[in-house]
Amino acid sequence: MLRRTVLKGLGAASLCRLAGQAPSSTVAAPLEIPYGAAVQDGPLRGNAAYRDALTSHCQLLVGEGGLKWADVRPAPDLFVFDQPDRLLAFAAEHGMRMRGHTLAWYAAMPDWALAIRGADEAERELTHHIETVVARYRGRIPSWDVVNEPIAENPGLLSYPLRESVWQEALGSRYVELALQTAARVDPAAQLVVNEYDVEMHDPAHRRKRGALLDLVKALKDNDAPLHAIGLQGHLRGGMEVDRDGLSAFVSELAQMGVGVLVTEMDVIDKELPAPDEERDQAVAALARDFLSAICDGARPTAILTWGITDSYTWVPIWFSRDDGRPNRPLPLDVNYRRKALMDVIDSFRV
Ligand code: XIL
């Protein structure tokens with residue numbers, strides 16, 4: 001507490017930096033916060049410049065797809081591990097670690113899985129899935145987004161705060177705990193994460209979502225569920241403001257419960273930001289700085305990942321293409337793999 005009070009007046013980047021320094025020579029300094037990026041399978045296979053960008057900047061990789069149900073389990077008895085195996089081999093070859101995304105999500109479900117009904121079938125399929133996938137990568141994928149996006153869009157307005165999914169309908173909120181327990185049983189050493197988005201901005205819906213997520217964490221910890229960290233996706237909304245106080249308070253409440261944080265999918269949705277490249281890149285970097293500094297004011301994140309590394313390969317235009325027709329610029333490298341201000345901001349928080 002004293003340490004936090006003392007550090008409060010310092011810039012947030014320096015807080016992370018100071019948090020990373022040993023207070024005395026008897027305590028070893030923690031390592032730099034690892035940086036990583038989400039990877040698309042197509043360019044990983046076909047684009048050498050893309051592979052070089054990943055190997056020169058990243059310590060962590062995660063598949064944009066490949067481990068989602070629709071990819072890994074197209075039929076009830078068919079598991080297809082080609083993509084994650086390829087990514088893991090690439091990561092290992094270049095001394096990087098891989099995160100797993102994701103074991104239980106409402107989206108990217110194959111048709112057969114959307115037809116799962118009733119508690120017995122749901123429990124059987126979810127357990128079998130997690131056992132099979134986590135066992136294959138036991139000891140090789142050290143961190144999992146076990147449950148992705150469990151909170152409803154506007155939880156404060158609903159009697160029930162969890163998002164609708166096959167799992168929630170059949171099992172209620174206990175599916176979250178079931179998924180965590182199953183993963184922990186299969187790989188007790190893995191970092192188990194619940195991953196969520198839209199919890200960081202000054203906006204009533206974000207505040208309600210953050211509150212519902214905190215309630216979920218409290219309920220899980222009350223039941224001794226093996227939850228180790230919250231993944232803050234960080235798909236930041238250009239044109240909105242980070243709720244710095246709300247976000248730091250959230251992160252420090254998590255820390256008090258023994259739950260860490262990591263940034264799992266950061267990018268900046270630049271649909272509403274100014275058109276000129278340089279101005280837009282500065283606005284993108286400033287938003288990321290506010291986000292990371294608010295997190296660091298609460299606790300040191302265990303990793304920072306962006307959802308892609310180059311503006312050439314990003315999911316943002318699928319939902320948020322610009323009205324002026326200019327390409328989105330949400331990521332740390334531009335389409336020519338040149339560093340942008342966003343990469344400098346990320347680096348400044350890692351030390
Ligand atoms: C996205 C991928 O990037 C796209 O390629 C795919 O079409 C849809 O999913 N939050 C998540 C990710 O947790 O899994 C999503 O990834 C982006 C939003």
Side-chain angles (χ1 to χ4, degrees), residues 36-47 50 54 58 60-74 82-84 86-87 98-111 113-114 129 133 141 143-153 162-168 176 179 191-201 205-206 209-210 213 216 229-238 261-271 288 291 303-321 327-333:
V39 176
Q40 290 186 7
D41 189 57
L44 180 69
R45 289 204 267 176
N47 184 334
Y50 180 73
L54 296 172
C58 297
L60 285 172
L61 300 177
V62 60
E64 260 191 61
L67 281 168
K68 292 170 178 172
W69 275 61
D71 299 326
V72 78
R73 201 173 170 200
D82 302 19
Q83 276 194 50
R86 189 160 37 242
L87 185 58
M98 177 175 161
R99 300 199 65 248
H101 176 86
T102 175
L103 299 168
W105 192 24
Y106 76 97
M109 290 282 273
D111 286 345
L114 286 173
H129 185 88
V133 175
I141 292 187
S143 175
W144 283 97
D145 292 333
V146 178
V147 179
N148 197 32
E149 305 179 347
I151 306 297
E153 278 313 307
L162 291 199
R163 184 188 287 275
E164 281 178 25
S165 68
V166 162
W167 313 119
Q168 185 266 321
V176 178
Q191 178 194 47
L192 304 184
V193 175
V194 168
N195 200 35
E196 193 50 273
Y197 72 104
D198 275 1
V199 295
E200 58 273 329
M201 293 299 177
H206 283 232
K209 215 164 162 185
R210 196 163 62 228
L213 182 56
L216 175 65
I230 289 297
L232 298 165
Q233 290 187 2
H235 295 293
L236 306 176
R237 307 278 171 158
V261 284
L262 64 163
V263 175
T264 50
E265 306 186 10
M266 190 168 74
D267 53 19
V268 176
I269 295 169
D270 59 341
K271 184 176 168 58
F291 176 61
I304 300 173
L305 294 99
T306 48
W307 203 243
I309 192 164
T310 157
D311 293 335
S312 297
Y313 303 111
T314 162
W315 76 297
V316 168
I318 302 174
W319 297 104
F320 307 101
S321 64
N328 295 96
R329 300 176 65 85
L331 287 166
L333 304 180

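All values derive from a computational prediction rather than experimental measurement. We number each residue from 1, following the sequence as shown. Numbering of ligands and ligand atoms starts at 1, following listing order.
- Using a 4.0 Å cut-off to heavy atoms of His235, the atoms of ligand 1 that qualify are 10 (N), 18 (C).
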Exercise answer: donor-acceptor pairs, residues 61-69 side-chain atoms, under 3.5 Å, sequence neighbours excluded:
{"residue": "Glu64", "atom": "OE1", "partner": "Gln40", "partner atom": "NE2", "Å": "3.4"}
{"residue": "Glu64", "atom": "OE2", "partner": "Gln40", "partner atom": "NE2", "Å": "3.2"}
{"residue": "Lys68", "atom": "NZ", "partner": "Glu64", "partner atom": "O", "Å": "2.8"}
{"residue": "Trp69", "atom": "NE1", "partner": "Leu103", "partner atom": "O", "Å": "2.8"}
{"residue": "Trp69", "atom": "NE1", "partner": "His129", "partner atom": "NE2", "Å": "3.2"}

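- The protein non-hydrogen atom at the shortest distance from atom 10 (N) of ligand 1 is Glu265 OE1, 3.0 Å.
- By the criterion of a heavy-atom distance under 4.0 Å, the side chain of Asn148, and not its backbone, is placed next to ligand 1.
- Contacts with ligand 1 closer than 4.0 Å are made by no heavy atom of Gln40, backbone or side chain.
- Considering every non-hydrogen atom in both Arg99 and Asp145, the closest pair reads NH2-OD1, 2.8 Å.
- Interface of Glu149 with ligand 1, defined as ligand atoms under 4.0 Å from a residue heavy atom, comprises 10 (N), 11 (C), 13 (O).
- Numbered from 1 in the order shown, with element, the atoms of ligand 1 that lie under 4.0 Å from a heavy atom of Trp315 read 3 (O), 17 (C), 18 (C).
- Without hydrogens or angle criteria, Arg163 side chain to Glu149 main chain gives a donor-acceptor distance under 3.5 Å.
- The closest approach between a heavy atom of Trp307 and any atom of ligand 1 is below 4.0 Å.
- Checked by atom type and distance alone, the side chain of Ser165 pairs as donor or acceptor with a backbone atom of Gln168 at under 3.5 Å.
- Using a 4.5 Å cut-off on side-chain heavy atoms (C-beta onward), Val316 and Asp267 make contact.
- What sits closest to atom 8 (C) of ligand 1 on the protein, heavy atoms only, is Lys68 NZ, 4.1 Å.
- Shown here for Leu54 and Ala37, the closest heavy-atom pair between the two residues is CD2-CB, 4.3 Å.
- Where the criterion is an N or O separation shorter than 3.5 Å, residue side chain and backbone included, Trp105 fails it with respect to ligand 1.
- Of the protein's non-hydrogen atoms, the one nearest atom 7 (O) of ligand 1 is Ile318 CD1, 4.1 Å.
- The aromatic ring centres of His101 and Trp144 sit 6.0 Å or more apart.
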(message) Gln233 vs Asn148, test: side-chain hydrogen bond (donor to acceptor under 3.5 Å, both in side chains). Steps then yes/no.
(response) CA-CA 10 Å; Gln233 290 187 2; Asn148 197 32; 3.1 Å; yes
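- Residue Glu64 approaches ligand 1 through these ligand atoms, each under 4.0 Å from one of its heavy atoms: 2 (C), 3 (O), 4 (C), 5 (O).
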